[in-house]
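One-based numbering along the sequence shown. Just so you know, these numbers use all the heavy atoms, side chains as well, and skip hydrogens, waters and symmetry mates.
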Amino acid sequence: MADRASGTIWVFRGLFLTLATGLVFLRLLPLGDGAPGWPGPDILTCLIFAWVIRQPDYVPVIAIAAVVLTTDFLFVRPPGPWT
């Protein structure tokens with residue numbers, strides 16, 4: 001029973017990291033026409049908030065910090081959570 005619960009936690013942690021990687025990849029693709037418009041919501045932030053509110057045990061703080069810091073480096077922003 002404990003092995004099954006532990007396996008489920010790791011599956012959801014992997015799913016979170018996969019979704020975060022996919023969102024970062026889509027944002028790095030040059031899909032825009034270059035015209036500035038309304039800034040869209042940060043989907044990754046929305047994903048993190050929704051995941052933490054619904055299932056806080058499935059995403060450790062270290063994973064969230066690693067994802068946010070990595071996106072800051074990839075998007076050439078100042079490092080830190082939403083500085």
Side-chain angles (χ1 to χ4, degrees):
M1 182 75 172
D3 293 331
R4 186 175 189 157
S6 175
T8 303
I9 288 174
W10 283 104
V11 167
F12 279 107
R13 287 178 181 175
L15 180 64
F16 171 75
L17 291 175
T18 303
L19 287 173
T21 304
L23 287 173
V24 169
F25 178 75
L26 286 176
R27 189 157 175 208
L28 285 172
L29 289 175
L31 296 177
D33 59 355
W38 287 96
D42 190 5
I43 303 297
L44 183 61
T45 305
C46 295
L47 173 75
I48 290 172
F49 287 160
W51 207 292
V52 169
I53 288 173
R54 293 185 57 100
Q55 296 294 336
D57 295 335
Y58 287 165
V59 181
V61 175
I62 300 294
I64 294 172
V67 166
V68 170
L69 189 63
T70 303
T71 56
D72 286 342
F73 289 147
L74 286 174
F75 298 141
V76 192
R77 297 186 293 209
W82 306 284
T83 54

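Residues passing the side-chain contact (heavy atoms from CB on, under 4.5 Å) test with V11: none are found, sequence neighbours excluded. Residues forming a side-chain contact (heavy atoms from CB on, under 4.5 Å) with L47 (at least two apart in sequence, or on another chain): F16, L19, L23, L44, W51.
There is a path of hydrophobic side-chain contacts, each under 4.5 Å, that joins F75 to I43. F49 and L69 fall into different hydrophobic clusters, where Ile, Leu, Val, Met, Phe, Trp and Tyr residues are linked whenever their side-chain heavy atoms come under 4.5 Å apart, directly or through other members. A continuous path of ILVMFWY side-chain contacts below 4.5 Å connects L17 to L15, so both sit in one hydrophobic cluster.
Here the straight-line distance linking atom CZ of F25 with atom CG of L74 works out to 12.0 Å at 0.5 Å rounding. Within the model, atoms CD1 of I62 and CZ of R13 stand 11.0 Å from one another, a figure rounded to the nearest 0.5 Å.
Taking a 6.0 Å sphere around CG of L26, one finds it holds more than 12 heavy atoms contributed by other residues, nucleotides or ligands.
In this structure, P56 and I53 approach most closely via the heavy-atom pair CD-O, 4.2 Å.
In this structure the side chain of V68 reaches within 4.5 angstrom of the side chain of I48, judged on heavy atoms.
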